[in-house]
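Sequential numbering from 1 along the given sequence is applied to the chain's residues. FYI, side chains are in, hydrogens and waters are out, and symmetry mates aren't considered; it's all heavy atoms of this structure.
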Amino acid sequence: MSDILIKLGGGLITDKSRLRTVEQSRIESVARVIAVLLDEGHSVRIVHGAGSFGHLKAKEWSLSAGADPLRLDDQLVAVNDVRMDMRKLNSIVRDVFESLDINVSAHPPSIWATGTGPSFAGDLSRFESIPQNTVAMTFGDVVDCPPPDQFGILSGDDLMVRMASELNISHAIFLLGDTEGLLDRPPDQTGAELITLWTPERKISGKHDSAQDVTGGIFLKIASASAISKHVENVWLIDGRQPQRVLQLIRTGKTRGTRVIG
Ligand code: IP8
């Protein structure tokens, strides 16, 4: 049986350009696949991104840069708002899973994690053993940070790195919302082709959409995937709009997507 860690990218589960807009049918089709994986006896842990429930407001108030004494009062309101928006997104995702009779144990990072980046502080033992027919779930969030920052953005990608290295994980899978995996040039350029096996020697010419995204976009994802592959044998970037590819990967060992070997 496999121990599977899946990141549902914010660009998969939300419309990143429209504030607090979910892509309900995409969440549903991923959840149906996860129900099958649980039925087949695998364990599943889920991290989800923020998309338009986090990045737009975090960007507006520069929350990833920490406290700015010139507008701290407004920033603290935004910290609270983004945390509530992330709880809302998480409850929408949870409702979809629960409607398929999957139990969810959700762990908002603002409660148990402090600091940002992959060396954030927080006890990951809460994700160690999960009861049958249950998924453990967490998500990118605004977390408290030591002064002078006071707060910062902990990306779901950083959570993936730590969970993959501290828990017993056989497959770490990043589900993307706009591409089949890592492409040899940005997805909006014609002729872009899927890189089926990526190793760090291969440079990528991507783009980080900093207009919307306060964490690192595809570059953070690939750096995280590469770090994870030091501990986990099967690390993949897969098109989350085609979630049956996850089933194919678990059942056959391969699928269409990018396998990352660090
Ligand atoms: O979407 C970012 O998490 P990510 C979290 O996984 C917030 O990078 C609140 C913007």
Side-chain angles (χ1 to χ4, degrees), residues 5-24 26-27 30-31 45-66 75-97 104 106-118 120 122 135-145 149 151-163 172-179 207-225 237 240-241:
L5 176 64
I6 299 180
K7 164 107 193 258
L8 309 182
L12 173 69
I13 62 173
T14 78
D15 176 342
K16 282 187 98 167
S17 61
R18 293 169 57 209
L19 188 63
R20 291 191 295 268
T21 310
V22 272
E23 294 280 5
Q24 185 81 17
R26 291 178 174 186
I27 304 173
V30 171
R45 295 168 178 84
I46 293 174
V47 177
H48 68 76
S52 59
F53 284 67
H55 288 272
L56 297 175
K57 205 165 229 180
K59 171 92 185 163
E60 187 182 348
W61 295 101
S62 308
L63 301 187
S64 61
Q75 279 187 314
L76 291 174
V77 173
V79 164
N80 195 45
D81 287 351
V82 175
R83 282 179 174 157
M84 284 191 327
D85 289 347
M86 286 308 301
R87 299 277 183 103
K88 175 71 193 161
L89 175 60
N90 181 246
S91 83
I92 294 169
V93 175
R94 261 177 16 222
D95 284 350
V96 172
F97 280 76
V104 178
H107 303 273
S110 57
I111 294 175
W112 60 273
T114 54
T116 59
F120 70 88
V135 294
M137 199 180 279
T138 188
F139 49 86
D141 205 356
V142 188
V143 292
D144 291 340
C145 291
D149 285 350
F151 51 80
I153 303 290
L154 178 60
S155 171
D157 292 351
D158 295 319
L159 289 156
M160 289 287 287
V161 172
R162 284 287 293 286
M163 289 169 79
I173 299 168
F174 291 82
L175 290 183
L176 311 174
D178 57 355
T179 108
K207 76 169 184 213
H208 170 209
D209 194 351
S210 55
Q212 285 162 13
D213 201 324
V214 294
T215 49
I218 193 69
F219 296 109
L220 177 60
K221 213 154 292 304
I222 200 72
S224 304
L237 273 50
R241 299 163 301 181

| request: State, to 0.1 Å, how close Q24 and I92 come at their nearest heavy-atom pair, and which atoms those are. | output: OE1-CG2, 3.8 Å
| task | Please name all residues satisfying salt bridge (Lys or Arg N to Asp or Glu O under 4.0 Å) with R162, sequence neighbours left out, ordered by chain then number. | result | E166
| task | Output, in order, the C-alpha distance, side-chain angles, deciding distance and verdict of side-chain contact (heavy atoms from CB on, under 4.5 Å) for I222 and L237. | result | CA-CA 9 Å; I222 200 72; L237 273 50; 4.2 Å; yes
| message | Going by side chain to side chain contact (heavy atoms under 4.5 Å, CB included), K7 matches just one of L175, I173, V47. Which one? | response | V47
| Quick one: are D178 and K16 in side-chain contact, heavy atoms under 4.5 Å? | no
| So, do I13 and L89 sit near enough that their side-chain heavy atoms are less than 4.5 Å apart? | yes
| Which residues pass the side chain to side chain donor-acceptor pair (under 3.5 Å) test with S62, sequence neighbours left out? | R71
Exercise answer: donor-acceptor pairs, residues 75-83 side-chain atoms, under 3.5 Å, sequence neighbours excluded:
| residue | atom | partner | partner atom | Å |
| --- | --- | --- | --- | --- |
| Q75 | OE1 | D68 | N | 2.8 |
| Q75 | NE2 | W61 | O | 3.0 |
| Q75 | NE2 | G66 | O | 3.3 |
| D81 | OD2 | K57 | NZ | 3.2 |
| R83 | NE | V142 | O | 2.9 |
| R83 | NH2 | V142 | O | 3.2 |
| R83 | NH2 | D144 | OD1 | 3.0 |

| Non-hydrogen atoms of G51 and T14 that approach each other most closely | CA-OG1, 3.2 Å
| Judged by atom type as modelled, is there a donor-acceptor pair below 3.5 Å linking the side chain of S224 to the main-chain atoms of V161? | no
| Which pair of heavy atoms, one from G152 and one from C145, lies closest together, and at what distance? | N-SG, 3.5 Å
| Between L220 and S155, which heavy-atom pair has the shortest distance, and what is it? | CD2-OG, 3.6 Å
| request: Look up atom CD1 in I153 and atom OG1 in T116, then write down how far apart they are to the nearest 0.5 Å. | output: 9.0 Å
| field | Heavy-atom pair of closest approach, residues M160 and A172 | value | CE-CB, 4.5 Å
| query | Is T21 reaching over with its side chain to a backbone N or O of D15, donor-acceptor style, under 3.5 angstrom? | reply | no
| note | So CZ of R45 and CG of L5: to nearest 0.5 Å the spacing works out to 8.0 Å
| field | Heavy-atom check, side chain of P108 versus side chain of R87, under 4.5 Å | value | yes
| Considering all heavy atoms of both residues, which atom of F120 and which atom of A113 are nearest to each other, and what is their separation? | CD1-CB, 3.9 Å
| query | Within the side chain of D141, is there an N or O that forms a donor-acceptor pair under 3.5 Å with the backbone of S110? | reply | yes
| query | Once you round to the nearest 0.5 Å, how far does CD1 of I46 lie from CG of N90? | reply | 10.0 Å
| task | Measure up the H48 and F139 rings against each other and bin them: parallel (under 30°), tilted (30 to 60°), perpendicular (over 60°). | result | parallel
| field | Separation between CE of M137 and CD1 of I6, rounded to the nearest 0.5 Å | value | 10.0 Å
| request: List the steps, then state whether side-chain contact (heavy atoms from CB on, under 4.5 Å) holds for L12 with V30. | output: CA-CA 10 Å; L12 173 69; V30 171; 4.1 Å; yes
